[in-house]
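Note that the structure is predicted; figures quoted are calculated from it, not measured. Chain A is the first sequence line, chain B the second, and so forth, proteins listed ahead of strands; every chain is numbered from 1.
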Amino acid sequence: MRLLEPLLIPLAALVVSLLLFGVFVALAGHNPLQVYHSIYRGAFGSWFSWQNTLVRASPLMLTAMCTALPARVGLIVIGGEGAVVVGALAAALVGIGLNGVFAPVAVIGLMLLAAMACGGLWVAAVGALRHYRGVNETISSLLFNYIAIAILNFLVIGPLRDPASLNKPASVPIGSDNMIGNIAESSVHWGLAYGLLACLTLWLVVRRSTMGFAMDVIGGNPRAAYLAGLPVGRLVILACLLGGAAAGVAGMLEVAAVHGRLSSSVNAGYGYAGILVAFLARHNPLAIIPVALLLGGIRASGGLLQRSHDLPDATVLVLQGIIFLVILASESLYGRTPLSQRPGVTR
Amino acid sequence: MSGRPRYALEGVNISKRFGHLRALEGVSLRLRRGSFHALLGENGAGKSTLVKCIMGYHRPSEGQFLIDEQEQSIDNPHEAHRLGIGMVYQHFTLIPNMSVAENLVLARPCLPARIDWRAETRRLREKLDALPFQVPLDAAINSLSAGEKQKVEILKQLTLDCRILILDEPTSVLTPDEADEVLGRIKAMTRETDLSVLIITHKFREVMHYADEVTVLRKGRAAGTTTVAGTTPAALAGMMLGCDPKRMPSTRREVAVREQVLDLERLTVLDDNGEPAVRGLSLSVAGGEIVGIAGVSGNGQRELVQALCGQRDIGAGCMRVQAERFRATREEIRRHHFRCLPEEPLRNACVPGMTIAENLALREFDRAPYARCGGWLNRAAIGARAAALIERFSVSPPVPAMPIGQLSGGNVQRAVLARELSGDVSVLIVANPCFGLDFAAVAEVRERIMSARNQGAAVLLVSEDLEEILELADRLLVMAGGRLVYETTPAAADLTLIGQHMAGH
Ligand SMILES: Nc1ncnc2c1ncn2[C@@H]1O[C@H](COP(=O)(O)OP(=O)(O)OP(=O)(O)O)[C@@H](O)[C@H]1O
Ligand SMILES: [Mg+2]
């Protein structure tokens, strides 16, 4: 029965958020029901909107991991945005530098590795600061985001700027051969596969491996972990490293699948939305998949809301923000519902 | 007299089920007004569950409560307070860095937005003058001893004008002298005012000395209520178990001692504020002996145990196990068969949200057969081993998939014993192993510690219970101010001398 709780509470929170959002929409002078319908149509109403949704869901799956994995060892990391930017930067540098030097497959592979390494180390530093120096990981990861974004802006305006990019500063392209293409005839790029693969692999690691078990022990009670002699520091840093590596891949996708070059557009807020996805999914990598689809869908419907209701594009961000607040508020309900009064299997 | 109800609180046919588990089954309880009523029962008998139902933390599945002979439904703790019921929990709920007065004022429900501290303190003093306990109002909580803290907890309830006071194992953190003082005063209050007290305890001595009546729970059912005058500890023990208790004395066998199993060399350990709590402590424990460390709590014992268990860094000095330097890494723990039973096992040795099976696997999960192919868990093997251990150590309820945080205190201790004492043990660090355990469980735990010694383990037993040390230890050391200040053997022990050294003279 306890299995139901992690399902029902987020669902209830979603319903409450939609109601609150309805109030907001009504105050803005629109019919909430019609707006709900448009969100549905824009997200899942047709193959066209499904493709939009899927494109947005893949980076969310990856960035959510940057919050979900550290959460398993008890850290609240919100540094996904920074890892995305660093990953994008690393991928772009490799792509530009090796364009034409190696075959595209090799270039893509190296871009992937570079993005994972840099994103991973970026967030691992947050974990190390926390473990060895006691620096609050939430604050340091937030500050790391600002640093990453500042470095990005400096590079695209300065040293990396392509003189041909006039109105919007950007680097030179990584070359169209080095781009990750789309799946079959769709407009969905292969990044979706990366996201799904990451979720499934990390789910296996979290649920089935001894390492995942050790991480749960650390997250559940560090004292017990020390008692058992677990290498707490190493595992904390490793969880951050894996999370950061996943977010780094999201950055690489922005460069190698979407924009084809480095610009300030790679910093599109997927890192922050990933935090929300992770919390909604209760830091379970498998649950991240449907939640990322849901959030991807909400973000995809922004355009339609603008066209058919004349609501600003940012309206969906309001919905996203409301969901986040309600989800955080609902955290305190765990263990207090009638459902939790029954013993039995957890997780 | 007719208007004065005889019973302050009655529970009629209270049942409480957690899913399929029946924690309480048709329990009736009558608390006479102005009486001191004890609630006895084995670990897991449902005592805490019953009082939590009274306090409105749990809703009983069946049954009613009558307060002053009026039926009342107690839906939440606020409601309980409104009805004049107050409860003191086993663990302190005071805010450590605030003063006694602040803690007492803050406990009041419906505080005004702006607190007039002067007026509040005056009112508090007036109230306290009428109460039997005296505590320094300006002292910070963290400067008080456990006994004084417990008094503040009780005062907190009394200043809220409660007429029914429930105490869940209030004396487990107190020394016998402190317990006598606290219970004696409360007893006097029940005589002089119409305060009624319901107390959960595992100590027969306290029941026989202070209680008027006693209700015994056995496996969720009421096994009976009697007046204390008409019963004996042996009869109560029989009621708790449902049969005559069989004594299993810990038998000390002659074993060949092995030297140099656990050596501490000028160990210094810092407390949370960076002050030295353990100061250059040297000690060696041989295999096949139990060394007991006695002392008043707060003299560095906790920090010492944490350092030995790998939960706290060692500031200076070193620790050797079987003549090798020991840093409590997983590999060393395993090679040397190093085991720990820290105090408050749920807090210090378990992951409350993980299942019993997972907690039992904490030491072994990354080894075959629990791990396969370099790092994948074999949950079936983990579950099977858990089922076997649960059976062998009679953990109840025997449900491997239940979160360990839902077990009663005694059963958590059993589960941890099962994990730490199954298999070879060369070194065993034990701290206050019998806090909150019923008499049968106490005997069982002591027996297991003794048998680890008899099989050649070096046992370091840190305990605030001097009797426990005198019963178990081969050598007794007294710790005060972070140092070992006195050594003797239980046979030659002079209690006055030990007491003086414990007090730091
Ligand atoms: N929230 C809960 N969910 C499921 N089972 C519970 C819960 N709380 C208690 N139990 C079960 O109910 C039974 C009674 O527990 P309770 O804590 O009342 O025992 P107790 O008599 O206070 O024991 P102890 O002396 O060890 O404190 C135990 O079997 C325990 O596992
Ligand atoms: Mg209890």
At a heavy-atom separation under 4.5 Å, does B:Ala349 approach chain A through its side chain, its backbone, both, or neither? both
Which residues share a salt bridge (Lys or Arg N to Asp or Glu O under 4.0 Å) with B:Glu25, sequence neighbours left out: B:Arg22, B:Arg221
Region of B:Pro342 in contact with chain A, defined by heavy-atom distances below 4.5 Å: side chain
So, do A:Leu14 and A:Leu294 sit near enough that their side-chain heavy atoms are less than 4.5 Å apart? yes
Students often mix this up, so state it plainly: with edges at 30° and 60°, are the rings of B:Phe18 and B:His58 parallel, tilted or perpendicular? perpendicular
Testing A:Leu328, A:Ile323, A:Ile322 for side-chain contact (heavy atoms from CB on, under 4.5 Å) with A:Val326, which one passes? A:Ile322
Please classify the contact of B:Cys350 with chain A as side chain, backbone, both or neither, using a heavy-atom distance under 4.5 Å. backbone
Residues 301-308 of chain B, side-chain donor-acceptor partners within the protein, below 3.5 Å, at least two apart:
unit_1: B:Gln301; atom_1: OE1; unit_2: B:Asn299; atom_2: N; d: 3.0
unit_1: B:Gln301; atom_1: NE2; unit_2: B:Gly295; atom_2: O; d: 3.4
unit_1: B:Gln301; atom_1: NE2; unit_2: B:Val296; atom_2: O; d: 3.0
unit_1: B:Arg302; atom_1: NE; unit_2: B:Glu343; atom_2: OE2; d: 3.4
unit_1: B:Gln306; atom_1: OE1; unit_2: B:Arg312; atom_2: NE; d: 2.7
unit_1: B:Gln306; atom_1: OE1; unit_2: B:Arg312; atom_2: NH2; d: 2.9

Proximity breakdown for A:Ala214 and chain B, heavy-atom pairs closer than 4.5 Å: both
Is it the backbone or the side chain of B:Ile333 that comes under 4.5 Å from a heavy atom of chain A, or both, or neither? side chain
Counting heavy-atom pairs under 4.5 angstrom with chain A, the leader among B:Gly375, B:Cys309, B:Gly374 is B:Gly375
For B:Arg334, is there an ion pair with B:Asp366 - N to carboxylate O distance below 4.0 angstrom? yes
Starting at CD of A:Glu137, measure out to CG of A:Leu129 and round the result to the nearest 0.5 Å. 10.5 Å
Among B:Thr329, B:Asn378, B:Asn348, B:Leu362, which residue forms the greatest number of heavy-atom pairs with chain A at distances under 4.5 Å? B:Asn348
Under 4.5 Å from any heavy atom of chain A - which part of B:Leu346: backbone
Heavy-atom proximity to chain A below 4.5 Å, by part of B:Arg347: both
